[in-house]
Amino acid sequence: MKVKFLLLSLVVVLASCGTSRTVPITGRKQSLMVTDEQMLSLSSQEYSKYMASAKKSTDAANTQMVTRVGKKLASAVESYLKANGLSSELSGYQWEFNLVQDKSVNAFCMPGGKIVVYEGLLPVTQNEASLAVVLGHEIAHAVAKHSAEQISNEYKKQYGAQVLGVLAAGAGISADAQQIGSLVVGLGSKAFTSGFSRKQESEADHMGLIFAAMAGYDPQEAVSFWQRMASATGGGSNSIFSDHPSDASRIKNIQGWIPEAMSYYKGGGASAGTTRSVSVKSLKK
């Protein structure tokens with residue numbers, strides 16, 4: 001009976017030390033054990049470290065394009081969240097957009113709105129609408145708080161194992177916010193560089209498609225982009241999307257979400273950059 005009581009206490013403790021939230025767009029429920037303040041602090045530190053060693057692109061046109069597309073997405077996401085009473089979801093965000101000299105087919109967005117695009121991605125995106133799909137996907141990871149979810153899951157594993165170990169000695173253990181903070185700091189850049197789960201990646205695909213549509217980019221462009229991505233990377237580990245479901249499953253899911261995304265798409269014409277091609281002259285060195 002004592003062991004059963006302690007196991008029940010463990011469940012109650014793990015359930016209580018954290019916050020529950022609903023992911024925008026998808027409605028999925030999350031339980032997070034790290035605060036936004038902790039994540040933003042870690043993100044700022046790691047982003048500063050990264051940019052200190054990275055080389056910014058010297059291609060002015062492509063740099064301007066990344067900034068332009070990023071700002072449109074950020075504005076659309078902020079407007080959507082505000083309209084739905086969720087402005088606090090981006091509290092503390094300071095958007096920043098950078099194109100860096102790296103041939104990898106990659107991009108990322110850290111919590112806090114720090115977006116980086118690698119030059120190697122642009123020959124695959126080929127136009128602004130496809131770039132919007134990628135950046136929408138990365139922004140979705142931040143909006144859905146996937147990094148915080150990863151850290152929370154890791155903490156639960158460590159904390160749960162610690163409690164179960166103590167149970168054998170008949171003792172108890174309480175939650176400690178400092179332990180969570182230590183774990184966040186200890187993980188460092190791993191919180192952002194480790195592969196997300198397939199569930200999280202699919203969720204980012206879904207949300208990113210809709211974010212792109214909200215920003216005035218035709219979501220139907222996504223299918224041809226994903227096909228080019230599959231061809232260019234072969235699902236290799238150098239791709240930001242290497243942890244997704246299979247290429248065929250991903251494209252099928254995207255096609256299934258397009259009708260929903262189209263309901264957010266108002267059309268943007270040339271001003272939205274839906275068909276404008278990118279400059280790749282600087283990538284042929």
Side-chain angles (χ1 to χ4, degrees), residues 43 46-74 95-142 146-147 188-196 198 200-201 204-205 208-209 212 217 221-247 250-251 254 273 275-285:
S43 172
E46 295 303 322
Y47 179 75
S48 295
K49 290 179 184 177
Y50 173 81
M51 289 308 301
S53 61
K55 293 183 179 180
K56 292 186 178 181
S57 174
T58 58
D59 187 312
N62 282 342
T63 297
Q64 291 171 4
M65 176 190 64
V66 168
T67 300
R68 180 170 58 250
V69 174
K71 284 184 176 180
K72 286 181 180 178
L73 282 161
W95 298 98
E96 188 171 337
F97 313 94
N98 278 297
L99 178 64
V100 299
Q101 297 180 41
D102 192 308
K103 295 181 179 180
S104 302
V105 183
N106 211 339
F108 64 81
C109 175
M110 287 187 175
K114 308 304 184 185
I115 297 174
V116 173
V117 175
Y118 292 26
E119 285 186 326
L121 179 68
L122 301 186
V124 183
T125 55
Q126 297 185 6
N127 57 61
E128 289 194 30
S130 293
L131 178 61
V133 169
V134 177
L135 295 190
H137 172 103
E138 295 307 318
I139 289 174
H141 276 309
H146 287 160
S147 293
S189 61
K190 291 182 180 179
F192 311 109
T193 58
S194 297
F196 292 111
R198 288 193 172 187
Q200 291 173 324
E201 289 290 353
D205 284 348
L209 188 70
Y217 295 97
E221 290 281 330
V223 174
S224 58
F225 161 71
W226 289 110
Q227 290 170 339
R228 291 195 301 274
M229 176 64 79
S231 177
T233 67
S237 59
N238 66 324
S239 168
I240 190 63
F241 306 110
S242 59
D243 292 314
H244 277 234
S246 67
D247 294 327
R250 181 167 62 226
I251 292 172
I254 290 291
T275 59
R276 187 177 293 124
S277 298
V278 307
S279 167
V280 296
K281 62 180 183 298
S282 64
L283 306 180
K284 298 178 180 179
K285 297 178 180 179

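The shown structure was predicted, so the numbers you read here are calculated from the model rather than taken from an experiment.
- Going from atom NZ of Lys72 over to atom OG1 of Thr67 covers 12.0 Å, rounded to the nearest 0.5 Å.
- At least one side-chain heavy atom of Gln101 sits less than 4.5 Å from a side-chain heavy atom of Thr58.
- Taking every heavy atom of both residues into account, Ala142 and Met110 meet most closely at CB-O, 4.2 Å.
- Leu135 contributes atom CG, which lies 10.5 Å from atom CD of Glu128 (distance to the nearest 0.5 angstrom).
- In this view, Lys49 and Glu46 satisfy the salt bridge (Lys or Arg N to Asp or Glu O under 4.0 Å) rule, not counting sequence neighbours.
- Annotation: side chain of Ile115 is not in contact with side chain of Glu138 (no heavy-atom distance under 4.5 Å).
- Qualifying ring-ring contact (aromatic ring centres under 6.0 Å, His included) partners for Tyr50, counting only residues two or more places apart in sequence or in other chains: Phe108.
- For the pair Glu119 and Ser57, the tightest heavy-atom approach, listed with the atom from each and the gap, is OE2-OG, 2.6 Å.
- What you find for Val124 and Arg228 is that their closest heavy atoms are O-NE, 2.8 Å.
- Pairing each heavy atom of Thr125 with each of Ser130, the nearest pair is O-CB, 3.1 Å.
- A 4.5 Å side-chain heavy-atom check between Tyr118 and Val105 finds every atom pair outside the cut-off.
- Residue Val66 is tested with Val100, Leu121, Val116, Val117 for a side chain to side chain contact (heavy atoms under 4.5 Å, CB included); the sole match is Val117.
- Separating the CD1 atom in Ile251 from the CD atom in Gln227 is a distance of 5.0 Å, to the nearest 0.5 Å.
- A pairwise comparison of heavy atoms in Ala129 and Tyr217 identifies CA-CD2, 3.7 Å as the closest pair.
- The side chain to side chain contact (heavy atoms under 4.5 Å, CB included) search around Ala222 returns Val133, Leu209, Trp226, Ile254, not counting sequence neighbours.
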- [ ] Could you check His137 against Glu201 for side chain to side chain contact (heavy atoms under 4.5 Å, CB included), going step by step and ending with a plain yes or no?
- [x] CA-CA 8 Å; His137 172 103; Glu201 289 290 353; 3.1 Å; yes

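- Under the 30°/60° scheme for interplanar angles, the aromatic rings of His141 and Phe196 are found to lie parallel.
- Going from atom CZ of Arg68 over to atom CZ of Phe97 covers 12.5 Å, rounded to the nearest 0.5 Å.
- A distance of 5.0 Å separates CG in Leu131 from CE in Met65, rounded to the nearest 0.5 Å.
- Of all the heavy atoms in Leu73 and Ala132, the pair that sits closest is CD1-O, 3.7 Å.
- One distance of note links CG of Asn127 with CD of Glu221; it measures 5.0 Å at 0.5 Å rounding.
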